[in-house]
Protein chains: 2
Amino acid sequence: MSRRSGVLEFAVLGLLRESPMHGYELRKRLNTSLGVFRAFSYGSLYPCLKELVRQGWLAEETGSGAEDSRAPLAGRRARIVYRLTAEGKERFEELLDQTGPDAWEDEHFGVRFAFFGQTSRDVRMRVLEGRRSRLEERLAKMRASLARTREKLDTYTLELQRHGMESVEREVRWLNELIESEREGRDRNDQRGRGATPERDERSPSDENDN
Amino acid sequence: MSRRSGVLEFAVLGLLRESPMHGYELRKRLNTSLGVFRAFSYGSLYPCLKELVRQGWLAEETGSGAEDSRAPLAGRRARIVYRLTAEGKERFEELLDQTGPDAWEDEHFGVRFAFFGQTSRDVRMRVLEGRRSRLEERLAKMRASLARTREKLDTYTLELQRHGMESVEREVRWLNELIESEREGRDRNDQRGRGATPERDERSPSDENDN
DNA sequence: GTTAGCATGTAAGGAGTTACATGATTTT
DNA sequence: AAAATCATGTAACTCCTTACATGCTAAC
């Protein structure tokens, strides 16, 4: 048991590090800010939150505290605001520093990149370069397989492969640009290993429709 | 129970329609020909094959028959060659004709496209156009969400969103080209609703390394 | 007055992976 | 003689979704 998905855990800790939130809002942020790459349903989010509380990384705050003058919190089913504990912060920073091969696989890379603002520069570099070499490996295999089977494939299969390869090549070019601009950044201003979070204030009561 | 995944079932039926194969070879074809989009392990393939046999769509042929002069089939753990039955063919064609919204979702579109060679032109059109409008919906949402939150996001999150949107836009352009060339094809030669399979012969004993 | 949004949750299930078990054959 | 590849399979597990249950408020 129970609901410690890696990606979801990471994203929840990361979002709550920026500011406390309740589940419903959290899910929307998950599916927009980070959401082109992964969408989560309540069925995975709520149990995950429970588990993170159990681990001591999150603390629940039932709607008693003041916190927000807007949102009268009368009526409206009492919402549970989750806040990152000190242990939770440690846990998240631990996860941020991990550069195992997992970090640049498809399922993880997007969410890792989304929190690059909180990530140290050398870890950013390792993740970007790891991702790039993963993709280049993949390209090599695709090219080899194409060379072997080209004449046997029909038009559509071929077109699918071609488009797939171009997508990967495009991501490699993107990574190249990112890596270069990280290097330039290092050469110019050399302070700041851990970026200060831009500190989002003016937390609007949210407005999003999911489908 | 038990292993009727949709995608995997479809791909297996489709590949076996072209020619009988045993599981091991099937898996390699799955992970190269159709493989940029999805990879399968034996742990899902073999149970799926069993299930398809149970349904009467595949027939097992243990290595008794002649079939292949190469591959002496001495030694080498007896391999089970799977062949599509008449019911299996019907089933596959049934699946080919389906144009429910599933057909253009991320998980299905790739594999549907891979078998466009066997698909009738009007179904091809519906799938391509369905995919396109699905992506345009997604773009609209992304643009809306970006407009709302742009100034609140840090550089990396913004860059991630931008890159994500460009990827989707690029796929839309690709679909536009495909749709247009389908239309041109229709205007010129108007025969051929169901394409003849290019009939792969010279089945090489396969050579692939997966990682 | 009904649809849409807000808000939290649970149970069951789907789709797949990993790790293991087994064993022969070819290549290094 | 070790490593890779061929070949088939199972059990346990992971991660996530769907569908349901509940109930309130705002807008159309």
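A note on names: the letters A, B, ... follow the listed sequences, proteins ahead of strands, and every chain is numbered from 1. Both backbone and side-chain heavy atoms feed into the values below; hydrogens, waters and symmetry mates do not.
Considering only side-chain atoms of Y24(B), the nucleotide from dC16(D), dT18(D), dT5(D) that sits closest is dT5(D). The side chain of K50(A) lies closest to dG9(C), out of dC16(D), dC6(D), dG9(C). With dG9(D), dG9(C), dG5(C) as the candidates, the nucleotide lying closest to the side chain of Y46(A) is dG9(C).
For the pair D106(A) CG and dC15(D) P, the interatomic distance rounds to 16 Å; values are reported in whole Å. In this structure, L45(A) places its CG atom 14 Å from C1' of dT10(C), rounding to the nearest Å. The separation between F40(A) atom CZ and dT18(D) atom P is 13 Å, rounded to whole Å. Distance NE2 (H108(A)) to P (dT17(C)): 15 Å, rounded to an integer number of Å. Between the NE2 atom of H22(A) and the P atom of dA7(C) there is a distance of 4 Å, rounded to whole Å. Distance R79(B) CZ to dT5(D) C1': 13 Å, rounded to the nearest Å. Protein atom CD of E107(B) is 11 Å distant from nucleotide atom C1' of dT17(D), rounded to whole Å. In this entry the distance linking CZ of R27(B) with C1' of dG16(C) reads 13 Å, nearest Å.
Using a 4.0 Å heavy-atom distance criterion, Y82(A) is classed as a sugar-phosphate-only contact.
Here E159(A) pairs with R162(A) in a salt bridge; the nearest charged N to carboxylate O distance falls below 4.0 Å. Ion pair E105(B)/R134(B) flagged as a salt bridge, since at least one NZ, NE, NH1 or NH2 atom sits closer than 4.0 Å to an Asp/Glu carboxylate oxygen. For the pair R138(B) and E171(B), the salt-bridge criterion is not met [side-chain N within less than 4.0 Å of a carboxylate O].
Using a 4.0 Å cut-off, no side-chain N or O of Y42(B) falls inside it from OP1 or OP2 of dG9(D). Between S44(A) and the phosphate of dC15(D), there is no side-chain N or O to OP1/OP2 separation shorter than 4.0 Å. For dG16(C), one of the phosphate oxygens OP1 or OP2 lies less than 4.0 angstrom from a side-chain nitrogen or oxygen of R38(B).
The shortest distance between side-chain heavy atoms of L158(B) and L146(B) falls below 4.5 Å.
Between the CD atom in E107(B) and the CZ atom in R38(B) there is a gap of 6.5 Å [rounded to 0.5 Å].
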